[in-house]
Amino acid sequence: MDRETVEPQVEALPGERAQRWVDFHHEFAAPSTYVYEFVWDTSREAIGPFCTDVDGNVLLDFTSHVAAAPLGYNNPVVREKLEEFDLVDPLKIAGQDFYVSTDGAEPPADAELPGPSQLMDRLVAATDHYDMDRVFLSNSGAEAVENGIKICYAAGGHRAFTFDGAFHGRTLGALSLNRSKTVHRRGYPEVPGVVSVPYPGSEAAYENRWLTDGPGGNVVADKLHPEQGVIDPDEVAFLILEPIQGEGGYRVAHDEFARDLEALRERYDLKVVVDEIQSGVGRTGELWAVDHLDLTPDVITAGKGLRVGATISRSDVFPEQKSRLSSTWGAGDIIASMQGALTLDVIHEQNLLSNVLERGQQLRSGLEDAIEDGDLPGAVDVRGRGLMLAVEFDTKERRDAVLEASFKRGFLTLGCGHKTLRLLPPLDVTEREIDLGLRLLQEAVADVAPNFD
Ligand SMILES: Cc1ncc(COP(=O)(O)O)c(C=O)c1O
């Protein structure tokens, strides 16, 4: 497969073999968020955003496995190391390992096959500008959040702030912070003391829903106000936010809102947990989406593209006592940690942050121009940063139809919010691939337009 020339080629989706795989899966799998009737064939050709399915269809994937594969399919650097790795056994080990060694691999920081310790070393370097020096690795994004809020609770306080539209994971602690869809939370018990407030993802929302005439001047400052407030700042363990809300519909935190939070953080010594599970690891053109804002995180939670969960913070925030945090399989998967570490290396060595900014701009202007020229009927807004972009449609029905029509053309996209379509190409996506995605999206929108006239 030549990445410079390949194009999606589809006979029928899902094809006959894919359908059999999907049926088999559903015989045993509990209902979950199964996004596509798409079955990637790992034995067939795939590169960058292109892959081949079990029926031989070639697809253009702008989901990057829900941002969990930031380098797309078969990145040569990662692949080469994975091929060396069959020498190491066991591949998944119990406990927080600090041993991954091969002949002559010294010193540890330069280990040829980077493991969990090297991944943590790289994460500390990547958060040095926030004075972070400690990492706790786990198995998923939800666990990264769970441990992030635990260390804040351990430091004191039993109340917390979250934001309307938030999504932080599915474990009960993380779930208690979610405010995006009722289906996630309905009927499940909650961690007490969590207060939700509006998330200003636009100028209008900042002015109309965040700023107030109250004593503090914004909704959180009002609640914490020493005389007229209703929450004692000393009781607040943390405030958690996504710099760009993912599930909530790709809403970008307003700059002034971030500055207001920074002022509150300083005034009341609040701990700010920034959830970078979807927006981090280079997706927005900075390593962390919070780097675009004037806000200092005390804890960063990361996952997806790192292939493990990571709770990153300072030594003074993590509890000192042993056994306050732990997990049998916490970062025990050597291959996953290695992929995370190599992903960070490739982002730096191949200067992918600049590529994200350039290609993100190309995709954004392509979408905006198409809306202006009437070539994306029903599209009402383009949001996001870098290569974390989304198009909002006028109705959920149209969004769903566009998603399905894109799929039928071999173009993989994802929904988010209620009527928004997200586009998450790999971070090394090329100009030609973005043009291809734009063309396929326009064709899909045109396919369904007659049903919505
Ligand atoms: C912002 C955010 N936080 C937390 C999570 C949960 O991560 P995981 O699904 O790995 O548990 C997600 C997953 O989509 C996410 O987007």
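Remember, it's 1-based here, ligands and their atoms both numbered in the order they're listed.
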Based purely on interatomic distance, does V145 place a nitrogen or oxygen under 3.5 Å from a nitrogen or oxygen of ligand 1? no
shortest atom 7 (O) of ligand 1-to-protein heavy-atom contact is with G141 CA, 3.3 Å
Would you call R259 and D294 a salt bridge, taking side-chain N to carboxylate O under 4.0 Å as the test? yes
Residues E368, R364: salt bridge by 4.0 Å N-O rule: yes
Value rounded to 0.5 Å, distance of CD1 in I300 from CG in L123: 9.5 Å
State plainly whether the residues E247 and R422 are in salt-bridge range, i.e. N to O under 4.0 Å. yes
Any salt bridge between D298 and R314, counting N to O under 4.0 Å? yes
Could you tell me the residue and atom name of the protein heavy atom closest to atom 16 (O) of ligand 1, and the distance to it rounded to 0.1 Å? Q278 NE2, 2.9 Å
Report the nearest protein non-hydrogen atom to atom 3 (N) of ligand 1: residue, atom name, distance rounded to 0.1 Å. D275 OD2, 2.7 Å
Ring center gap for F238 and F161 short of 6.0 angstrom: no
Within reach of ligand 1, part of H168 (heavy-atom separation under 4.0 Å): backbone
Would R3 and D428 pass as an ion pair if we require N to O under 4.0 Å? yes
One finds that the ligand 1 atoms under 4.0 Å from a non-hydrogen atom of A142 are 6 (C), 7 (O), 8 (P), 11 (O)
For ligand 1, the portion of R170 having any non-hydrogen atom under 4.0 Å away: neither
Mark whether atom 9 (O) of ligand 1 lies under 4.0 angstrom from at least one protein heavy atom. no
Determine whether any heavy atom of K304 lies closer than 4.0 Å to an atom of ligand 1. yes
Determine whether the aromatic ring centres of residues W40 and Y73 are separated by less than 6.0 angstrom. yes
Less than 4.0 Å between a side-chain N and a carboxylate O, is that true for D345 and R122? yes
Atoms in ligand 1 with a heavy atom of E242 nearer than 4.0 Å: 1 (C)
May I ask you to check if ligand 1 and I277 share an N or O to N or O distance below 3.5 Å? no
Can you tell me if G169 contacts ligand 1 (heavy atom of the residue under 4.0 Å from the ligand)? yes
With heavy-atom distances below 4.0 Å as the criterion, list the atoms of ligand 1 near F167. 1 (C), 2 (C), 3 (N), 5 (C), 12 (C), 13 (C), 14 (O), 15 (C)
